[in-house]
4 protein chains.
Amino acid sequence: MLDDAMDFKEQMVEARRTQILMGAAQVFAKKGFHRATTKEIARQAGVAEGTIYNYFDNKRDLLMAMVEMLATRSIKVTILEDPSDDPKEFFSLLLHDRYQLLKDYGHIMAPMIAEIFSDPDLREAIYQSILMPVADPIEQYIQRRIDSGEFKPVNPIVITRALIGSIVLNTAFQLSGVDPRYEMISVEAMVDQIVDMFLAVTKK
Amino acid sequence: MLDDAMDFKEQMVEARRTQILMGAAQVFAKKGFHRATTKEIARQAGVAEGTIYNYFDNKRDLLMAMVEMLATRSIKVTILEDPSDDPKEFFSLLLHDRYQLLKDYGHIMAPMIAEIFSDPDLREAIYQSILMPVADPIEQYIQRRIDSGEFKPVNPIVITRALIGSIVLNTAFQLSGVDPRYEMISVEAMVDQIVDMFLAVTKK
Amino acid sequence: MLDDAMDFKEQMVEARRTQILMGAAQVFAKKGFHRATTKEIARQAGVAEGTIYNYFDNKRDLLMAMVEMLATRSIKVTILEDPSDDPKEFFSLLLHDRYQLLKDYGHIMAPMIAEIFSDPDLREAIYQSILMPVADPIEQYIQRRIDSGEFKPVNPIVITRALIGSIVLNTAFQLSGVDPRYEMISVEAMVDQIVDMFLAVTKK
Amino acid sequence: MLDDAMDFKEQMVEARRTQILMGAAQVFAKKGFHRATTKEIARQAGVAEGTIYNYFDNKRDLLMAMVEMLATRSIKVTILEDPSDDPKEFFSLLLHDRYQLLKDYGHIMAPMIAEIFSDPDLREAIYQSILMPVADPIEQYIQRRIDSGEFKPVNPIVITRALIGSIVLNTAFQLSGVDPRYEMISVEAMVDQIVDMFLAVTKK
DNA sequence: TATGAATGAGATTTCATTCAT
DNA sequence: TATGAATGAAATCTCATTCAT
């Protein structure tokens, strides 16, 4: 078979995978993993139920594939690859980016997170593919500033998790609507407040 | 019927409810809500499957009842009712207490949290029964210090969620074993680090 | 044991049986046999669930006992024992009596009739205890008039079933409300119409 | 999709529906509605249990579908659409036809009738689909003859129900074997006897 | 004898997965 | 490769019956 044909075929396969994955994401977001049926996923994706199994081994495999997909999107954070020298700018860009990611893909991530608790393999995959790629560069950024004497000698591991936990929980409230007071808090103010906190503890 | 007999019967009912609830908690923790079967819950609780339904309307009701149970345990935080004047002591006691709660009941809370995403009623119940009773007093504590000029004019809502998000995510890593470096970090050090952060941003 | 005590005890037992039977009749009437639960029957009868089983072998036994109970009530038809010489009066009294019986006990009989189709023993019991005691005297009444030359030589068996079928179906419509036109038809008119029919075919 | 393919598919679906419906009819006839299990219905129909639910929403839906099926068969009574001018012929054909229907489908109708008492929707459906299509034309036939002076001014509603009740109860005895004397009564004689009765009351 | 909590068999229904077309 | 009907295991829940008190 010619390479061109091969490529074309591979692209078709990839396109179909994505098509199914998007359908699954929609349904998982609405129903959660367990209540989502393959029938509804197939309908949402515009394929037959059996077709799903030509591209994925089983229903759980859809979840694992979604982790990969999100990982790909998530890695594109140039903020981390070429971070600003100004810590305020760095943290601010970072938190805004994470807020945006959660806003755009939070509904996709939620059902994955839900399964974390009962699926060790998925837990590991999410940790490796999604959390570590973000946390590691932040830790290193903090460590470098500590080494250069610019930052106080904080624990980068703990502080990085605190940073992520802070933005995640605040964003969750911002988006869930469970606390009406969050309607009065702009994203800017929210991010600024968290950035200030991290600068206060880190900057000398 | 005599009051004594009444009380005795009520106690029996309560004991049996708790027995079933504990069985459910075990299985939910191991399998998650959906993969946990009533058959296994019954076996774990040491009762027949049908007996579950003499005490709970349905499987989901077990989850709701667990929220109530946790709420009761959670509310007993005297730290919040009569908080220390020393902010460092206050935050430190608070975070240790939350760490302990997550350590003791995290495996019970996890499957509840997982269902949050696809069950609005449960979400509201958890917010009202578990999160608000802790968050509100903290917010008020911070607000009072701001009013008295002791704290900087931070946003108590955002800061409180940041505090909770920080301890929750760090505790999750501490307990999950997903990141081996957490074995080197003592709980003391972890809590101190987060407390320092909050003092840095709040204290003048 | 003294006879008096014996009698008293027997009366108590009989009273309790009737109490339970009445509760069962209520619930059977509302839910049908299968959807009626022993729990609800017990509540309706004002006894505990277990008590039912001290007086009846099982749930189906309640239905059989109800047949007996209705048979007792049904037999008290003096119209049949000492029938009027005037056929018009005889048929008229008879049909009014049957209408009244169906009105009073139709809701109790309905669930029994429903089970007739799948329970041969019950079918036989109802035939022997309820239908035959009424049908036989009517057949004999007709046969006697035929023999005396007062009636035409009709088939008493067929005619008797026709008579019963006529009053039963008309009463069913009269009571069920499924056909609103029956609201305009008085019971008198209905009975008269059916009586006329039987006189027309029988009387010379 | 081509029309042919469409038609073929529709036919397959219809065939499978009928196949399941027939299985259900068999089991309902033998056990009654409630004692019939989906497992046995599936076995009788030669499909898997789950397949039933691809064609019917639930078990009760099978009963409703059977009403429809019977209604279709029942309506084909040309006797009613183009009735004979001779009342004797009309009633005779009609009763023979009803006898035949009960003989052929009585076992299917019985469990439906049993549920009538506890299922108002089913009651209404049976009335509308099965009873009214037969009763209405008969009433109109009688009314027309009354208007033309050929019949006496009887009540067509009551008389029609009497007619139906008469044939139904007699047929029930004829087919059930509960009364051995019915073995001596030919269907001809039975029908003739009932026809005579209706002619006696109606014809001038 | 009365109770009612406990039982567990059994019923209905769902749905991931297979496979013939 | 795509389809979707068929499958049947498995899950939740009900409820007649038992039995210790």
Side-chain angles (χ1 to χ4, degrees), chain A residues 9 12-13 16 20 33-43 45-62, chain B residues 1 5 8-9 12-13 16 20 34-43 45-62, chain C residues 9 12-13 16 20 33-43 45-62, chain D residues 1 5 8-9 12-13 16 20 34-43 45-62:
Chain A
K9 195 178 152 189
M12 287 299 292
V13 166
R16 190 49 71 92
I20 293 168
F33 177 69
H34 289 280
R35 278 193 251 271
T37 66
T38 49
K39 187 186 281 279
E40 190 172 356
I41 291 168
R43 191 174 51 225
V47 299
E49 238 179 317
T51 305
I52 294 172
Y53 290 85
N54 290 332
Y55 294 87
F56 300 92
D57 282 349
N58 49 46
K59 193 181 159 189
R60 181 175 167 277
D61 199 26
L62 285 167
Chain B
M1 206 185 289
F8 178 71
K9 194 180 149 192
M12 288 298 293
V13 166
R16 191 48 70 94
I20 293 168
H34 289 281
R35 275 193 253 270
T37 65
T38 49
K39 188 185 283 282
E40 190 172 355
I41 291 168
R43 192 174 50 226
V47 298
E49 230 177 324
T51 304
I52 294 172
Y53 291 88
N54 290 336
Y55 294 86
F56 300 92
D57 283 348
N58 49 48
K59 193 181 157 190
R60 183 174 168 278
D61 199 26
L62 283 168
Chain C
K9 197 178 153 190
M12 287 299 292
V13 165
R16 190 49 73 94
I20 293 168
F33 177 69
H34 290 280
R35 277 193 251 272
T37 65
T38 49
K39 186 187 282 280
E40 190 171 355
I41 291 168
R43 190 174 52 228
V47 299
E49 238 178 316
T51 305
I52 294 173
Y53 290 85
N54 290 331
Y55 293 88
F56 300 92
D57 283 349
N58 49 46
K59 193 182 159 189
R60 180 175 167 278
D61 200 26
L62 284 168
Chain D
M1 204 185 288
F8 177 72
K9 195 179 150 192
M12 287 299 291
V13 166
R16 191 48 69 92
I20 293 168
H34 289 282
R35 276 193 252 270
T37 65
T38 50
K39 189 184 282 282
E40 190 172 355
I41 291 169
R43 191 173 50 227
V47 297
E49 235 177 320
T51 304
I52 295 172
Y53 291 87
N54 290 336
Y55 294 86
F56 300 93
D57 284 347
N58 48 48
K59 192 181 159 189
R60 182 174 169 278
D61 200 26
L62 283 168

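Every chain is numbered from 1, with letters handed out A, B, ... down the list of sequences.
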Checklist line | Earlier contact from the 5' end, DNA chain F, for D/Ala48 and C/Gly50 | finding: D/Ala48
Next item on the list: Look up atom NZ in A/Lys59 and atom CZ in A/Phe33, then write down how far apart they are to the nearest 0.5 Å.
Entry: 5.0 Å
Margin query: Could you identify the nucleotide paired to E/dA20, looking across every strand shown and requiring Watson-Crick or G-U wobble geometry with both distances under 3.5 Å?
Written below: F/dT3
Next item on the list: Ignoring the backbone of D/Glu49, work out which of F/dT3, F/dT17, E/dT13 is nearest its side chain.
Entry: E/dT13
Notebook entry, point to check: Which whole-number value in Å describes the distance from D/Ile41 CD1 to E/dA11 C1'?
Noted result: 11 Å
Next item on the list: Look at all strands and tell whether A/Thr37 reaches a base, only sugar-phosphate, or nothing, counting heavy atoms closer than 4.0 Å.
Entry: sugar-phosphate
Note to self: Nearest 0.5 Å, please: how far is CZ in B/Arg16 from CG in B/Asn54?
What the structure shows: 9.5 Å
Next item on the list: Identify which nucleotide among E/dA2, F/dA16, E/dA16 has an atom closest to any side-chain atom of C/Thr51, counting heavy atoms from C-beta outward.
Entry: E/dA2
Next item on the list: Ignoring the backbone of C/Asn54, work out which of E/dG8, E/dT14, E/dA2 is nearest its side chain.
Entry: E/dA2
Note to self: Categorize A/Arg16 for me: base, sugar-phosphate, or nothing, with a 4.0 angstrom heavy-atom threshold over every strand shown.
What the structure shows: sugar-phosphate
Next item on the list: Would you mind classifying the nucleic acid contact of A/Ala36 as base, sugar-phosphate or nothing, using non-hydrogen atoms under 4.0 angstrom?
Entry: sugar-phosphate
Notebook entry, point to check: Checking all strands, does A/Tyr55 fall into the base, sugar-phosphate, or nothing category for heavy-atom contacts under 4.0 angstrom?
Noted result: sugar-phosphate
Check: Of the nucleotides F/dT7, E/dT13, E/dT7, which one has an atom closest to the side chain of B/Val47?
Finding: E/dT7
Margin query: What is the distance, to the nearest angstrom, from the CZ atom on C/Phe56 to the P atom on F/dT17?
Written below: 13 Å
Note to self: Looking only at the side chain of C/Lys59 (C-beta and beyond, no hydrogens), which of the listed nucleotides F/dT7, F/dT17, E/dT17 gets closest?
What the structure shows: F/dT17
Notebook entry, point to check: CZ of D/Arg60 versus P of E/dT13: gap in Å, rounded?
Noted result: 11 Å
